[in-house]
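A note on names: the letters A, B, ... follow the listed sequences, proteins ahead of strands, and every chain is numbered from 1.
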2 protein chains.
Amino acid sequence: MKTHSELGNPVHIAMSLIGGRWKGEILFQLMDHGMLRFAEMQRLIPGISQKMLTRQLRALEHDGLVRRLVYPQVPPKVEYSLTDTGRTLQPVLTALRDWGKDHGAPRVGKILSAENPLSGETPNPE
Amino acid sequence: MKTHSELGNPVHIAMSLIGGRWKGEILFQLMDHGMLRFAEMQRLIPGISQKMLTRQLRALEHDGLVRRLVYPQVPPKVEYSLTDTGRTLQPVLTALRDWGKDHGAPRVGKILSAENPLSGETPNPE
DNA sequence: CCGTATCCGAGCCGATACTG
DNA sequence: CAGTATCGGCTCGGATACGG
């Protein structure tokens, strides 16, 4: 019995599946290219390390969003692609990205300038 | 020179603003009720602690998504509401929630059964 | 080429107790 | 009522090194 974490909330469920630093970017690349090898993704996603790419890929695979195809060769060859379920994320991720472009970017790291200058205002309560 | 954290990715930007365990739920409650006091939100969001509610609310306020209205009374009274920017998140969060309801719920915690039984398949490469 | 293993700091998150 | 303080566990994420 868990004292908490009821996890009945769809928003949080989606978040736990596609949230984090890299998952969104990974999914986008797979949407664009359809099929990618490990090294290709690393080239397409600057800044990501092998560890994180592997970990996130494994998580996505575990959650049934990404398919992993291993070719038993030497040198090894692994191809990643979206599952059917993974593809259903496209509108969601697009919505996320569009919002980020419109509203997130200007205010990330640099605070607002002249839109909401007051914080913790003190009105006259009746 | 930053060796990493390019942060030019809109998906990640949006994630950093609305991601996490509670922010989505908080924003949904504010969308529904328009204006909420601290204790009300705690009642509406089962499982959340004062600490997390405070912290997430502060973060949302810092990012310009939530407005905080303090009445200098005793006992204290604080009202939270969405800013104009915060309201623009509605379609995004709705998309997230809808996806979570459709695809996330059945496979969270319990793995797939007969949709993608193979993981790490071994095709005949050429 | 495609990973694992290890170390490390930072932040998230929950539980509990305390305060103006 | 609306927080803050403190603790501890866990995960995230980066750096580096090693392995099949």
Side-chain angles (χ1 to χ4, degrees), chain A residues 1-7 9 12 15-26 35-63 66 68-80 109 119-120 122 125, chain B residues 1-7 9 12 15-26 35-63 66-81 119-122 125:
Chain A
M1 181 82 63
K2 20 186 166 58
T3 43
H4 63 292
S5 72
E6 199 47 52
L7 192 45
N9 181 18
H12 175 228
M15 281 300 182
S16 64
L17 260 43
I18 68 173
R21 174 75 181 83
W22 298 112
K23 282 180 182 171
E25 191 54 19
I26 291 172
M35 182 88 90
L36 284 172
R37 300 185 58 181
F38 190 88
E40 285 184 287
M41 301 194 71
Q42 236 189 331
R43 256 172 267 123
L44 287 167
I45 308 176
I48 197 170
S49 64
Q50 288 99 327
K51 189 181 83 170
M52 289 319 291
L53 185 51
T54 303
R55 189 192 287 188
Q56 304 308 312
L57 244 11
R58 287 287 193 275
L60 291 168
E61 186 194 3
H62 170 87
D63 292 332
V66 161
R68 183 164 175 262
L69 206 69
V70 179
Y71 294 81
Q73 300 170 177
V74 50
K77 177 178 175 183
V78 182
E79 281 182 343
Y80 294 94
S119 168
T122 60
Chain B
M1 177 107 36
K2 28 186 160 68
T3 41
H4 64 292
S5 73
E6 199 49 50
L7 194 43
N9 180 18
H12 176 227
M15 281 300 182
S16 65
L17 260 42
I18 68 173
R21 174 75 181 81
W22 298 112
K23 281 180 183 173
E25 191 55 18
I26 292 172
M35 182 86 91
L36 284 172
R37 300 186 58 181
F38 190 88
E40 284 183 287
M41 300 195 72
Q42 235 190 331
R43 255 173 267 124
L44 288 167
I45 308 177
I48 198 171
S49 64
Q50 288 98 328
K51 191 181 82 170
M52 287 319 291
L53 184 51
T54 303
R55 188 191 289 191
Q56 303 308 312
L57 244 12
R58 289 286 194 277
L60 290 169
E61 186 195 2
H62 170 89
D63 293 332
V66 162
R67 176 160 26 235
R68 183 164 175 263
L69 205 69
V70 180
Y71 295 80
Q73 299 169 176
V74 49
K77 178 178 174 181
V78 182
E79 281 181 343
Y80 294 93
S81 57
S119 171
E121 321 153 41
T122 61

Nearest-angstrom distance from the residue atom [atom1] of [X] to [atom2] of [N]:
X: B:Ile48; N: D:dA2; atom1: CD1; atom2: P; answer: 14 Å
X: A:Glu40; N: C:dG3; atom1: CD; atom2: C1'; answer: 16 Å
X: B:Leu53; N: C:dC12; atom1: CG; atom2: C1'; answer: 15 Å
X: A:Lys23; N: D:dT11; atom1: NZ; atom2: P; answer: 12 Å
X: B:Ile45; N: D:dA2; atom1: CD1; atom2: C1'; answer: 15 Å
X: B:Gln42; N: C:dA15; atom1: CD; atom2: P; answer: 12 Å
X: A:Phe38; N: D:dG20; atom1: CZ; atom2: C1'; answer: 15 Å
X: A:Met41; N: C:dG3; atom1: CE; atom2: P; answer: 11 Å

Check every strand shown and say whether B:Glu79 touches a base, only sugar-phosphate, or nothing at a heavy-atom separation below 4.0 Å.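 Nothing: the residue B:Glu79, judged by heavy atoms under 4.0 Å, touches no strand.
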
Could you tell me whether A:Gln56 contacts a base, only the sugar-phosphate backbone, or nothing, with contacts defined as non-hydrogen atoms closer than 4.0 Å?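 Sugar-phosphate, no base atom in range.
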
Name the residue closer to the 5' end of DNA chain C, choosing between A:Pro75 and A:Arg58 according to the nucleotide with the nearest heavy atom.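 Result of the comparison: A:Pro75.
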
Rounded at 0.5 Å granularity, tell me how far [atom1] in [X] sits from [atom2] in [Y].
X: A:Ile26; Y: A:Gln56; atom1: CD1; atom2: CD; answer: 5.5 Å
X: B:Met52; Y: B:Lys23; atom1: CE; atom2: NZ; answer: 9.0 Å
X: A:Arg68; Y: A:Arg58; atom1: CZ; atom2: CZ; answer: 3.5 Å

Closest to the [X] side chain, choosing from [options]:
X: B:Arg21; options: C:dC13, C:dC2, C:dT4; result: C:dC13
X: B:Arg37; options: D:dA2, C:dC13, C:dG3; result: D:dA2
X: B:Met52; options: C:dC2, C:dC13, D:dG3; result: C:dC13
X: B:Trp22; options: D:dG13, C:dG3, C:dC13; result: C:dC13

Of the options A:Ile45, A:Leu60, A:Leu53, which is the one that meets A:Trp22 in a side chain to side chain contact (heavy atoms under 4.5 Å, CB included)?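 Testing each of A:Ile45, A:Leu60, A:Leu53 against A:Trp22, the sole residue satisfying side chain to side chain contact (heavy atoms under 4.5 Å, CB included) is A:Ile45.
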
First encountered from the 5' end of DNA chain D, between B:Arg55 and B:Ala39: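 Looking at the nearest nucleotide for each, B:Ala39 comes out on the 5' side.
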
Heavy-atom closest contact (A:Ile48 atom, A:Gln42 atom, distance):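 That closest heavy-atom pairing would be O-NE2, 3.8 Å.
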
Short side-chain N/O contact from B:Arg68 to OP1 or OP2 of D:dG3, under 4.0 Å: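 Checking B:Arg68 against D:dG3: at least one side-chain N or O falls below 4.0 Å of OP1 or OP2.
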
Can you tell me if B:Tyr80 touches the phosphate of D:dC1, counting only side-chain N or O atoms and a distance under 4.0 Å to OP1 or OP2?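 Indeed not, no polar side-chain atom of B:Tyr80 lies that close.
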
